[in-house]
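In what follows, a single structure is set out as structure tokens and then discussed.
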2 protein chains.
Amino acid sequence: MVRKPAKSNVKAVSTRKPNMREAILAAAEELFSTYGFNAVSVRDIAQAAGANPGSVTYHFKTKDGLLLEIYRRHCGPMNRRRSELLAAARRVRDLQDRLEAIVRAYVLPAFTSGSDLAGGGTRFTRLRAIMSAEGNEVVRKIIAQTFDDTSHAFIDAIHESLPHIPRTDLVWRGHFLLGALYYTLVTPERVSRLSRGSADGTDAGHAIEELVRATVAALQAAPLDPATPAPRKAPGFAPGRALT
Amino acid sequence: MVRKPAKSNVKAVSTRKPNMREAILAAAEELFSTYGFNAVSVRDIAQAAGANPGSVTYHFKTKDGLLLEIYRRHCGPMNRRRSELLAAARRVRDLQDRLEAIVRAYVLPAFTSGSDLAGGGTRFTRLRAIMSAEGNEVVRKIIAQTFDDTSHAFIDAIHESLPHIPRTDLVWRGHFLLGALYYTLVTPERVSRLSRGSADGTDAGHAIEELVRATVAALQAAPLDPATPAPRKAPGFAPGRALT
DNA sequence: ACCATATTTGTACTATCGTCCAAATATTCA
DNA sequence: TGAATATTTGGACGATAGTACAAATATGGT
């Protein structure tokens with residue numbers, strides 16, 4: 001991790017942490033979601049939390065354990081929120097409105113988690129985005145056993161609103177949605193740059209509206225011809241590791 | 001990086017590398033694009049290339065220098081290919097067909113680069129995806145001075161085909177496209193998993209078609225109301241570091 | 001106030017990191 | 001061929017990594 005000059009000899013006596021475990025979790029979440037898991041050391045986290053490196057080991061045993069606990073904290077609330085919103089969306093009468101409500105139910109909790117109000121959902125989603133790129137073993141297990149159910153529920157709901165589109169296409173389009181969502185959280189300033197200041201990539205509200213609008217349109221697109229002609233045989237690709 | 005048991009005492013005498021520099025580059029590209037920059041050590045690369053760690057330093061001075069050289073190798077050919085395809089796409093008469101051709105011109109070179117036939121473009125794009133998540137300083141500079149021009153050219157071309165849609169919306173939707181593209185290359189097996197085997201996430205040809213179809217529809221969607229009501233003031237989000 | 005327990009501290013251990021360097025070896029060209 | 005140059009080698013350096021552990025300190029119930 002990039003370090004500041006940092007020659008402070010003073011100990012962090014000013015602020016006494018009432019709950020060091022929580023402070024460590026918060027610091028780790030912030031640092032991981034900003035620099036990635038590999039680039040942040042246990043010592044970085046301890047320093048940011050005003051704690052001793054040994055305390056991290058005491059509370060979470062290993063660095064992976066710390067990451068695991070962060071996921072544990074957020075997965076429950078976020079998926080619960082998603083289920084609630086999805087259930088409400090399913091009850092929308094108008095088909096077009098229902099589809100939009102479903103997409104919104106998927107996107108919204110990614111920006112505002114139930115566990116933390118001030119951008120907590122955003123931070124955790126950004127962490128998930130980075131972890132999906134870095135590819136951690138601990139995360140892989142959690143993803144498969146926690147998020148796949150939710151993903152299937154959303155795909156099924158979408159399929160109900162768009163029964164004429166094969167599930168396969170909806171899986172692809174839902175996948176694209178997640179990729180767009182991740183990339184927006186990881187690289188928001190690119191939007192500001194390319195729009196020459198006329199858009200703010202970090203404006204969560206605006207990002208959500210753009211994402212929902214674009215996704216609904218993409219989902220409604222005509223399906224690919226089932227008799228795929230496959231005009232040129234493109235070579236398959238796959239990374240050498242098992243991924244998220 | 002995850003290491004195999006690896007207790008081979010035999011030296012790599014069997015295969016003599018005619019050009020060690022190229023072998024190192026190839027190994028680094030493969031490893032970086034699979035495990036990320038931070039997770040791969042210079043020694044990992046040297047071993048994969050059948051070289052001595054010192055050789056890496058000799059040819060590329062630093063680890064960052066090695067990454068830089070990989071980008072140098074690919075950026076030129078890829079953007080040249082994109083320009084060619086974009087120029088051809090601009091000449092398409094039918095507006096709908098032209099839009100699709102433009103999107104295809106953006107997506108295709110990301111899968112098949114001019115420099116390497118066997119998935120070289122895919123590998124490099126996956127690397128870019130991972131680097132955008134990890135956030136490397138060297139990459140940041142290259143991105144801004146190499147890819148932004150191309151991005152603007154594509155946005156402009158799209159805007160010509162869809163003049164009634166504000167540029168801002170097109171920037172967002174182009175951003176979503178890149179995110180979807182990256183995510184598909186980084187996590188293709190998720191598509192296979194969620195589709196329960198009815199789709200192959202690693203099938204580049206299929207991925208391209210799905211991506212083009214979804215993106216064209218998203219681009220054509222009605223723009224967001226310019227008088228954005230901003231119903232709830234969502235808090236801004238931004239990572240603590242400057243990003244790609 | 002006392003004890004049992006929970007937590008924090010400081011330090012140490014081993015492994016691996018990126019980079020460096022002098023010696024050994026290949027290669028190139030007059 | 002022989003000299004000049006380019007490359008490879010193996011080992012070393014200091015820095016930092018994750019983790020472990022005993023001693024010190026804080027905490028809570030009686």
Side-chain angles (χ1 to χ4, degrees), chain A residues 1-28 31-32 35-70 134 136-138, chain B residues 1-28 31-32 35-70 134 136-138:
Chain A
M1 171 190 170
V2 184
R3 220 173 290 284
K4 304 159 204 160
K7 64 162 190 169
S8 70
N9 298 338
V10 293
K11 289 195 175 182
V13 279
S14 53
T15 53
R16 295 223 7 218
K17 302 284 175 179
N19 195 340
M20 190 59 89
R21 187 185 151 94
E22 295 303 318
I24 292 171
L25 271 173
L31 290 174
F32 286 159
Y35 301 97
F37 182 76
N38 293 326
V40 174
S41 71
V42 173
R43 287 170 175 82
D44 290 331
I45 297 165
Q47 181 177 334
N52 189 287
S55 282
V56 179
T57 309
Y58 170 74
H59 285 291
F60 306 100
K61 201 64 188 173
T62 67
K63 194 184 172 189
D64 275 336
L66 177 51
L67 181 67
L68 184 65
E69 182 58 26
I70 293 174
E134 285 196 336
N136 178 280
E137 188 56 41
V138 171
Chain B
M1 172 190 171
V2 184
R3 221 172 289 284
K4 305 158 203 160
K7 62 163 192 170
S8 71
N9 298 340
V10 293
K11 291 194 175 183
V13 281
S14 53
T15 52
R16 293 227 4 224
K17 302 283 175 179
N19 195 342
M20 190 59 89
R21 187 185 151 93
E22 295 302 319
I24 292 170
L25 271 172
L31 290 175
F32 286 159
Y35 301 98
F37 183 76
N38 293 326
V40 174
S41 71
V42 173
R43 285 170 176 82
D44 289 331
I45 297 165
Q47 181 178 333
N52 189 286
S55 282
V56 179
T57 309
Y58 171 73
H59 284 290
F60 306 99
K61 202 64 187 173
T62 65
K63 194 184 172 189
D64 275 336
L66 177 51
L67 181 66
L68 184 65
E69 182 58 27
I70 293 174
E134 284 196 337
N136 179 279
E137 189 55 40
V138 171

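Chain A is the first sequence line, chain B the second, and so forth, proteins listed ahead of strands; every chain is numbered from 1.
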Under 4.0 angstrom between [X] side-chain N/O and [N] OP1 or OP2:
X	N	answer
A:Y58	C:dT8	no
B:S41	C:dT16	no
B:N52	D:dT8	no
A:H59	C:dA6	no

- prompt: Does some side-chain heavy atom of B:I24 sit less than 4.5 Å from a side-chain heavy atom of B:F60?
  reply: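 Sidechains of B:I24 and B:F60: in contact.
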Whole angstrom is fine here: how far is it from [atom1] in [X] over to [atom2] in [N]?
X	N	atom1	atom2	value
B:I45	D:dT8	CD1	P	15 Å
B:E22	D:dA6	CD	P	18 Å
B:N19	C:dA26	CG	C1'	14 Å
B:D44	C:dT16	CG	C1'	10 Å
B:M20	C:dT25	CE	C1'	13 Å
B:Q47	D:dT9	CD	P	13 Å
A:I24	D:dG18	CD1	P	14 Å

Distances under 3.5 Å between protein N/O atoms and the N/O atoms of nucleotides 21-23 of chain D, please, pair by pair.
none

B:L66: which of B:V56, B:T57, B:V42 passes side-chain contact (heavy atoms from CB on, under 4.5 Å): B:V56
- prompt: By side chain to side chain donor-acceptor pair (under 3.5 Å), which residues pair with B:N52, not counting sequence neighbours?
  reply: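 Not a single residue meets the side chain to side chain donor-acceptor pair (under 3.5 Å) criterion with B:N52.
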So which atom in [X] and which in [Y] form the shortest heavy-atom distance, rounded to 0.1 Å?
X	Y	result
A:V40	A:L31	CG2-O, 3.6 Å
A:H59	A:R21	O-NH1, 3.5 Å
B:A51	B:M20	CB-SD, 3.4 Å
B:E134	B:G36	OE2-CA, 3.8 Å

field: Helix axis bend for the helix from C:dA1-D:dT30 to C:dA30-D:dT1 - C1'-based end axes, five pairs, 10° rounding
entry: 20°
- request: Using the salt bridge (Lys or Arg N to Asp or Glu O under 4.0 Å) rule, collect all pairs that involve residues 51-65 of chain A, keeping only residues at least two apart or in two chains.
  value: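 Checked against salt bridge (Lys or Arg N to Asp or Glu O under 4.0 Å) - neighbours excluded - no pair reaches residues 51-65 of chain A.
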message: Starting the side chain at C-beta, find the nucleotide from C:dT8, D:dT8, D:dA12 nearest to B:R43.
response: D:dA12
Partners of [X] by side chain to side chain contact (heavy atoms under 4.5 Å, CB included), sequence neighbours excluded?
X	value
B:A26	none
B:L68	B:R72, B:V138, B:I142
A:A27	A:I45, A:A48, A:A49

task: Within residues 60-67 of chain B, find the residues that approach DNA chain D with a heavy atom at under 4.0 Å, and present them sorted by residue number.
output: none
